[in-house]
**Student:** 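I'd like to ask you about the structure that follows.
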Amino acid sequence: MLRALAMISVFLGCTYWGIRASSLLRLRRDTLSAFKSSVNHLCSRMSYSAQPLALLAEQAKTKETEVFWSLFSKRLAIEDDVSAAWKSAMEYARENDAGFASLKIQELRIFEDYAKGLGSSDSTMQTKNEAWLQQRLDSVMSEANDAYNRKGRMFRSIGILTGVAAALLLW
Amino acid sequence: MLQMDNKTVSLKENWKEGLLYLFPPLLRETLSNIEELPIEEIRIRTGQPVQLCFCGSERLLYPPANQTLVSAEDCAAIVERACEHSVYAWQEELRNGFLTLSGGHRVGLCGKAVKDNAGIRTLTDITSLNIRIARACPGAADALIPKLVRNDGSAYPTLIISPPGCGKTTVLRDLIRQLSWGLNGSRPMRIVVIDERMELAGCVRGVAQHDLGPRTDILNGCTKPEGIRMAVRTLSPEVLATDELGSHEDALAIQEAAFCGVITIASAHVTEPTLLFKRRVLFGLLESGALERVVLLGRHNGKAGHVLGIFDGTLNRLTDREGGVLCFER
């Protein structure tokens, strides 16, 4: 009886680990994609509406990125500059959302570089700033997709197989 | 509320609450300790002491030893904060060289002009700012209304003249407000303000920061000739109000409006009435009857807002020569 329970626990534990590792890759991919889309939305509205950045940021949020944009919008009224508001909102998002927590340091640096120019120049420069960000994000997205497609499947498979093997060993 | 000589100078908002957030930390702390009232302007120049302009005097704020009170980056940051971190949304204002903030405060900008085929596209590399602190002066036109209103309560077409910085805009603003409400013997009138430089109403995102009365429509950022024609065609004004008349096109539009029975109230930079003879554009309006009253404002003992004389359309004085009347005190 105990052995059977141990087998099931080991199998479930290993499978869970594999699925979790795969889902983190999926979360990273989805968060990057959602963020890319919301930045695109933000910049489109910037180019044709004269609304302040705080309002546009609030409107740019999606289900996956709401935790970031909502706080960023609020912090703009308090912080001295956009970079400080961005950093503060990103730290909060990483603490409270698994998707943002899964982002790599290089990706955070790309966003910080973008934030340095956000709102500080005319709409032509804002469009160029956004185009530069999208270009950098394209290569990151491509790598994230690739990572999920290859490694995601691999982690799920390894998790299940390891679970089966460990369960068999116990038996 | 500060009361002087029966004229109430109301501090529309404590300027520190409305403006301190703009400044870098060192300057913010220094300015928060300033207690003298009232400050008219704060002039900031990169690498220079900050100049505070009071009524009839000024003061320079120097930084502590080995520190810079305001750097080039600070000037850029002030502009960014004034634009609510949304410089892209303030392109028209930057092109005109000034920003209007909530509360009606104005920030004049100096920097590098970026040009395109149409002229100046924007200003960058801002090196100095002039922050003019807005104050509402309800009652500033009290001394004028009796001489500017006919028996039936309608207003005479009026030109307010003075050298720069003597309170023309402040008096004009209150005159508009009183005519819109129908105060002090006037009857309520429909007024359209052609606010080309966005100074009279001080609109921010469509919201007027100064009270111009309940029957006042504002054409914001519109040139005077275009605005006057639009107003006459579509808004059926009884009074047109505008600031800083000067060009031939402005005068032509006002003349056309006068032919339609619309009264004009305006201001112009002229130091004394006799100089109107040399300003053919303005004198032509007096000759034709499009303007029937001239109000001369000036400074007395260094203080702006003194009515030095009110004249009729032939420049005959209607008020006593001696003393003058204080319209408001800052």
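Hydrogens, waters and symmetry mates play no part in the numbers below; they use all other heavy atoms, side chains included. Proteins get letters first, then strands, A, B, ... in listed order; numbering begins at 1 in each.
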**Student:** Is the number of heavy atoms from other residues, nucleotides or ligands under 6.0 Å of Y92(A) OH greater than 12?
**Tutor:** no
**Student:** So does L161(A) have more than 12 non-hydrogen atoms from other groups sitting under 6.0 Å from CG?
**Tutor:**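 Result for CG/L161(A): enclosed.
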**Student:** Heavy-atom distances under 4.5 Å only: say whether S47(A) touches chain B with side chain, backbone, both or neither.
**Tutor:** neither
**Student:** Return yes when atom OH of Y21(B) has more than 12 non-hydrogen atoms of other residues, nucleotides or ligands closer than 6.0 Å, and no otherwise.
**Tutor:**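 Yes, because the 6.0 Å sphere around OH of Y21(B) holds more than 12 heavy atoms from other groups.
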**Student:** Given a strict heavy-atom distance threshold of 4.5 Å, which part of S120(A) is in contact with chain B: side chain, backbone, both, or neither?
**Tutor:**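 Both parts, heavy atoms under 4.5 Å.
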**Student:** Would you indicate whether E112(A), at its atom CD, is surrounded by more than 12 heavy atoms from other residues, nucleotides or ligands within a distance under 6.0 Å?
**Tutor:** yes
**Student:** Would you say the side chain of V87(B) lies within less than 4.5 Å of the side chain of Q126(A), judging by non-hydrogen atoms?
**Tutor:** no
**Student:** Testing the basics here: between A89(B) and Q51(A), what is the closest heavy-atom pair and its distance to 0.1 Å?
**Tutor:** CB-O, 4.2 Å
**Student:** For R29(A), does the CZ atom sit with more than 12 other heavy atoms under 6.0 Å from it, leaving out its own atoms?
**Tutor:**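 Yes, because the 6.0 Å sphere around CZ of R29(A) holds more than 12 heavy atoms from other groups.
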**Student:** Check L56(A) against Y88(B) and note the closest heavy-atom contact, atom names and distance.
**Tutor:** CD1-OH, 3.3 Å
**Student:** Under 4.5 Å between any side-chain heavy atoms of R28(B) and D80(A), yes or no?
**Tutor:**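 Answer yes - side chains close enough.
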**Student:** Quick check on the interface: out of S49(A), A50(A), P52(A), who has the most heavy-atom pairs with chain B under 4.5 Å?
**Tutor:** P52(A)
**Student:** Say you draw a straight line from CD of E84(B) to CG of L53(A); how long is it, rounded to the nearest 0.5 Å?
**Tutor:**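 Atom-to-atom, E84(B):CD and L53(A):CG are 10.0 Å apart.
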**Student:** Around atom NZ of K36(A), are there more than 12 heavy atoms of other residues, nucleotides or ligands at under 6.0 Å?
**Tutor:** yes
**Student:** Might you confirm whether atom CZ of R20(A) has over 12 heavy atoms from other residues, nucleotides or ligands at distances under 6.0 Å?
**Tutor:**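 No, CZ of R20(A) has 12 or fewer neighbouring heavy atoms, counting only those of other groups under 6.0 Å.
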**Student:** Let me confirm one number: the CE-OG1 distance from M125(A) to T124(B), rounded to the nearest 0.5 Å.
**Tutor:** 11.0 Å
